[in-house]
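Below is one structure, written out as structure tokens; comments come after it.
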Number of protein chains: 2
Amino acid sequence: MNIGDVAERAGLPPKTIRYYEEIGLVRPERMPNGYRRFRDRDLHKLRFLGRARALGFSIEDCRTLMDLYEDESRESAQVKALAEEHLQAINDKIAQLEEMRATLSHLVRSCHGDDRPDCPILRDLAQSG
Amino acid sequence: MNIGDVAERAGLPPKTIRYYEEIGLVRPERMPNGYRRFRDRDLHKLRFLGRARALGFSIEDCRTLMDLYEDESRESAQVKALAEEHLQAINDKIAQLEEMRATLSHLVRSCHGDDRPDCPILRDLAQSG
DNA sequence: TATAGGGGTTCCAGCCACTGGAAGCTCAAG
DNA sequence: CTTGAGCTTCCAGTGGCTGGAACCCCTATA
């Protein structure tokens, strides 16, 4: 497979795949003309990475997860711990965004939004406390 | 006020304030020794920026909000539109994170997390569909 | 056979919003 | 006079790509 093929099958842009190679997440072979050659194993890895990234894992987490995946003697506790940590981070992020949403939606509701300059949103941002 | 004072009062790190000057969000004067001198007006601006950033507005949005704040003839509709757009972005982000959370918490629950290698989390990441 | 196009390659720069660190200057206290 | 805190500038790095330039390779068509 060329990079375009594997990109389509893995659902990732070619640029991203080149980047993943650069940081050592995949190691495709090369053909005599310099093109990358992707095997099924590489495609499998890329799909794994795509799914892990879609769940919000960082690149370094993805690297760890791949290592664990390929380590037959892993302990599932390690995987679970990593996932739980990430889940906690997601929960924190959601909580933070929900706080923003609460404040912001309140402000939006309180602003009439017409052609007059008076604006509770700006008033709130400007208030010191 | 020196940068340290204003940093403490605005609740922002000095580094951030220097950066805000660099991108033209504040324009403190200079003292003969080269130190920045911050007036109350600068402090006010920095607090405004800090609050807007805390609500998740981008730097460019903050710039626009400040411009609107200082424009006596603004229309509150402009402010409201900006805030609504940002609120929508927050809602989208929350929805995305909640989807991650749903999948991930399901996976975490299904993994026994002991010393054996068998792991539904890795199985899920590895499955092609 | 020339050429057009749609692949592929590398490398560099930029995104966002800071943050860390080095090297050096200024100022107040002891 | 020294010490140390605080200020200055400048450069580099963060994460995870993404855009673009300049160039090479391969196939199909006029």
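Naming convention: chains lettered A, B, ... in sequence-line order (proteins, then strands); numbering from 1 in each chain. Worth saying up front: this structure is predicted, and the values here are computed from it rather than measured.
- Proximity of residues 58-67 of chain B to DNA chain C (heavy atom under 4.0 angstrom from any strand atom) is restricted to B:S58, B:I59.
- Around CZ of B:R37, the count of heavy atoms belonging to other residues, nucleotides or ligands within 6.0 Å exceeds 12.
- No donor-acceptor pair closer than 3.5 Å links the side chain of B:R9 to the backbone N or O of B:R47.
- Atom-to-atom, CG of B:L55 to P of C:dA17 comes out at 14 Å; the value is rounded to the nearest Å.
- Here the straight-line distance linking atom CZ of B:R36 with atom CD of B:E21 works out to 4.5 Å at 0.5 Å rounding.
- A distance of 10.5 Å separates CZ in B:R123 from OH in A:Y69, rounded to the nearest 0.5 Å.
- A donor atom on one side chain and an acceptor atom on the other are not found under 3.5 Å apart for A:Q96 and A:D92.
- Following rounding to the nearest Å, B:R53 (CZ) and C:dC16 (P) show an atom-to-atom distance of 11 Å.
- Between A:D40 atom CG and A:M1 atom CE the span is 5.0 Å, to the nearest 0.5 Å.
- For DNA chain D, the neighbouring residues in residues 16-29 of chain A, judged by any heavy atom under 4.0 Å, are A:T16, A:Y19, A:Y20.
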Report task. Verify side chain to side chain contact (heavy atoms under 4.5 Å, CB included) between B:Q78 and B:T64, making sure each step is shown before the conclusion. Result -> CA-CA 10 Å; B:Q78 287 181 268; B:T64 304; over 6 Å; no
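- Judged by distance alone, the side chain of B:N2 and the main-chain N or O of B:G4 form no donor-acceptor pair under 3.5 Å.
- Listed by residue number, the members of residues 86-93 of chain B with any heavy atom below 4.0 angstrom from DNA chain C form an empty set.
- In this entry the distance linking CG of A:N2 with C1' of D:dC26 reads 11 Å, nearest Å.
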In 5'-to-3' order, the base (B), backbone-only (S) or no-contact (-) status of each nucleotide in nucleotides 23-30 of chain C, using a 4.0 angstrom heavy-atom cut-off, is ---BS---
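- Comparing the helix axis at one end of the helix from C:dT1-D:dA30 to C:dG30-D:dC1 with that at the other, each defined from 5 consecutive pairs, gives an inter-axis angle of 30° (nearest 10°).
- Between A:R30 and C:dT10, a side-chain N or O to OP1/OP2 separation shorter than 4.0 Å is present.
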So which protein nitrogen or oxygen atoms get under 3.5 Å of nucleotides 19-23 of chain D's nitrogens or oxygens?
unit_1 : atom_1 : unit_2 : atom_2 : d
D:dG19 : N7     : A:K15  : NZ     : 3.0
D:dG19 : O6     : A:K15  : NZ     : 3.0
D:dG20 : O6     : A:K15  : NZ     : 2.3

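- Side chain of A:R101 to main chain of B:I90: no donor-acceptor pair is present (N/O by atom type, distance under 3.5 Å, no hydrogens or angles).
- Of the possible polar contacts, none joining the B:D124 side chain to the B:I121 backbone as a donor-acceptor pair under 3.5 Å is found.
- How far CG of A:L68 is from CZ of A:R63: 13.0 Å, rounded to the nearest 0.5 Å.
- The separation between B:I3 atom CD1 and D:dT9 atom C1' is 12 Å, rounded to whole Å.
- Between the side chain of A:R39 and the backbone N or O of A:L43 there is no donor-acceptor pair closer than 3.5 Å.
- The shortest distance between the side-chain N/O atoms of A:R36 and the OP1/OP2 oxygens of C:dG8 is not below 4.0 Å.
- If you take OH on A:Y19 and CG on A:L12, they are separated by 13.0 Å, rounding to the nearest 0.5 Å.
- Within the nucleic acid shown, A:P13 comes within 4.0 Å of sugar-phosphate atoms alone, with no base atom in reach, counting heavy atoms only.
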Before giving the answer on salt bridge (Lys or Arg N to Asp or Glu O under 4.0 Å), spell out for A:D114 and A:R116 the whole-Å C-alpha distance, their side-chain angles and the decisive distance to 0.1 Å.
CA-CA 6 Å; A:D114 54 22; A:R116 287 168 301 171; 2.5 Å; yes
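- Checked by atom type and distance alone, the side chain of B:R74 never pairs as donor or acceptor with a backbone atom of B:D67 at under 3.5 Å.
- The CG atom of B:D42 sits 10.0 Å away from atom CD1 of B:I17, with the distance rounded to the nearest 0.5 Å.
- For CD of A:E98, the number of neighbouring non-hydrogen atoms (other residues, nucleotides, ligands) closer than 6.0 Å is greater than 12.
- A side-chain donor-acceptor contact under 3.5 Å links B:H86 to the backbone of B:L55.
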